[in-house]
Colleague: 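Structure incoming, see below.
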Amino acid sequence: CITSRNVEMLTEIRLENFKCFKGLVSIPLKPVSVFIGPNGTGKSTPVQALLLLKQSIGRGSLDPSGPYVTVRSLSNLITAIPGTQSATIGFSGSLVINPPSDEGEAEVSLEFDYNLTFRGDGSWDHVGEFRVGNLRITATRGSSGAPRVEPQRLMVRQLGSTDTRELHFAPNAAIAAPVGINYITG
């Protein structure tokens with residue numbers, strides 16, 4: 001049950017060899033984050049990275065010329081360091097689901113990480129990880145392979161109950177980017 005009392009937030013943006021960012025750079029985010037610095041130092045680059053992901057959802061790979069960001073080619077986004085052939089855009093966040101209290105359900109906190117690595121040759125890899133408590137589900141998809149989800153099944157017990165239920169997870173083939181997970185009751 002998703003209600004207006006849910007809280008979702010990006011907590012970090014990660015860029016690796018993306019435009020002016022050399023190596024891996026982690027940018028922590030708060031409810032209000034402000035980037036300050038001289039012109040040409042990359043203040044807008046994290047926002048451009050997220051907009052690039054947004055305009056590419058459902059396309060299977062990054063779309064370099066869309067409504068939010070336009071670049072000549074994806075290889076222009078990879079840092080110009082000799083030997084560097086790939087770049088990564090990633091983010092982390094959380095979703096807290098607060099169900100109505102009259103249903104007697106506990107608050108659920110979901111944390112997630114997502115990384116998209118793309119290369120100058122046009123190949124790419126998506127990796128998404130979702131965590132609820134000690135439960136960890138990883139979904140991956142690459143330009144050269146079928147999507148995968150691990151684990152594919154779990155045995156769970158509802159709080160306050162002795163009944164167990166088997167949950168099955170499968171890649172969502174309808175979602176091209178980012179990776180998706182279908183929840184299938186068993």
Colleague: My understanding is that only residues two or more places apart in sequence, or in another chain, count here; which of them pass salt bridge (charged side-chain N to carboxylate O under 4.0 Å, His left out) with Glu16?
Modeller: none
Colleague: Looking only at atom types and distance, does a side-chain atom of Ser123 sit under 3.5 Å from a main-chain N or O of Arg119, one as donor and one as acceptor?
Modeller: no
Colleague: Do any pairs count as a salt bridge (charged side-chain N to carboxylate O under 4.0 Å, His left out) and have a residue in residues 75-84, sequence neighbours left out, and if so which ones?
Modeller: none
Colleague: Please round to the nearest 0.5 Å and tell me the distance separating atom CG of Asp113 and atom CZ of Arg131.
Modeller: 4.5 Å
Colleague: About how many Å separate CZ of Phe118 and CG of Leu52, when rounded to the nearest 0.5 Å?
Modeller: 7.0 Å
Colleague: From Asn115 CG over to Thr140 OG1, what is the distance, rounded to the nearest 0.5 angstrom?
Modeller: 12.5 Å
Colleague: Any chance you could measure Phe112, atom CZ, to Ser94, atom OG, to the nearest 0.5 Å?
Modeller: 6.5 Å
Colleague: Give me each pair satisfying side chain to side chain donor-acceptor pair (under 3.5 Å) with a member in residues 62-77, each pair once, sequence neighbours excluded.
Modeller: Arg59-Asp63, Ser73-Ser75
Colleague: Atom CZ of Phe130 and atom CG of Leu110: how far apart are they, to the nearest 0.5 Å?
Modeller: 7.5 Å
Colleague: Would you be so kind as to tabulate the donor-acceptor pairs closer than 3.5 Å made by side chains of residues 36-45, with sequence neighbours excluded?
Modeller:
{"residue": "Thr41", "atom": "OG1", "partner": "Pro38", "partner atom": "O", "Å": "2.7"}
{"residue": "Lys43", "atom": "NZ", "partner": "Gly37", "partner atom": "O", "Å": "3.2"}
{"residue": "Lys43", "atom": "NZ", "partner": "Pro38", "partner atom": "O", "Å": "2.9"}

Colleague: Considering non-hydrogen atoms only, spot the tightest contact between Ile78 and Ala87 and give its length.
Modeller: CG1-CB, 3.9 Å
Colleague: Apply side-chain hydrogen bond (donor to acceptor under 3.5 Å, both in side chains) to Thr88 and list each qualifying residue two or more places apart in sequence or on a separate chain.
Modeller: Thr117
Colleague: Side-chain donor-acceptor contacts of residues 22-34 below 3.5 Å, not counting sequence neighbours, with atom names and distances?
Modeller:
{"residue": "Ser26", "atom": "OG", "partner": "Glu12", "partner atom": "OE2", "Å": "2.8"}
{"residue": "Ser33", "atom": "OG", "partner": "Lys30", "partner atom": "N", "Å": "3.0"}
{"residue": "Ser33", "atom": "OG", "partner": "Lys30", "partner atom": "O", "Å": "3.4"}

Colleague: Can you check whether Tyr114 and Phe91 have ring centres sitting under 6.0 Å from each other?
Modeller: yes
Colleague: Have a look at Leu15 and tell me which of Leu77, Thr79, Ile89 forms a side-chain contact (heavy atoms from CB on, under 4.5 Å) with it.
Modeller: Ile89
Colleague: Could you state the interatomic distance from OG (Ser86) to CG (Leu116), rounded to the nearest 0.5 Å?
Modeller: 10.5 Å
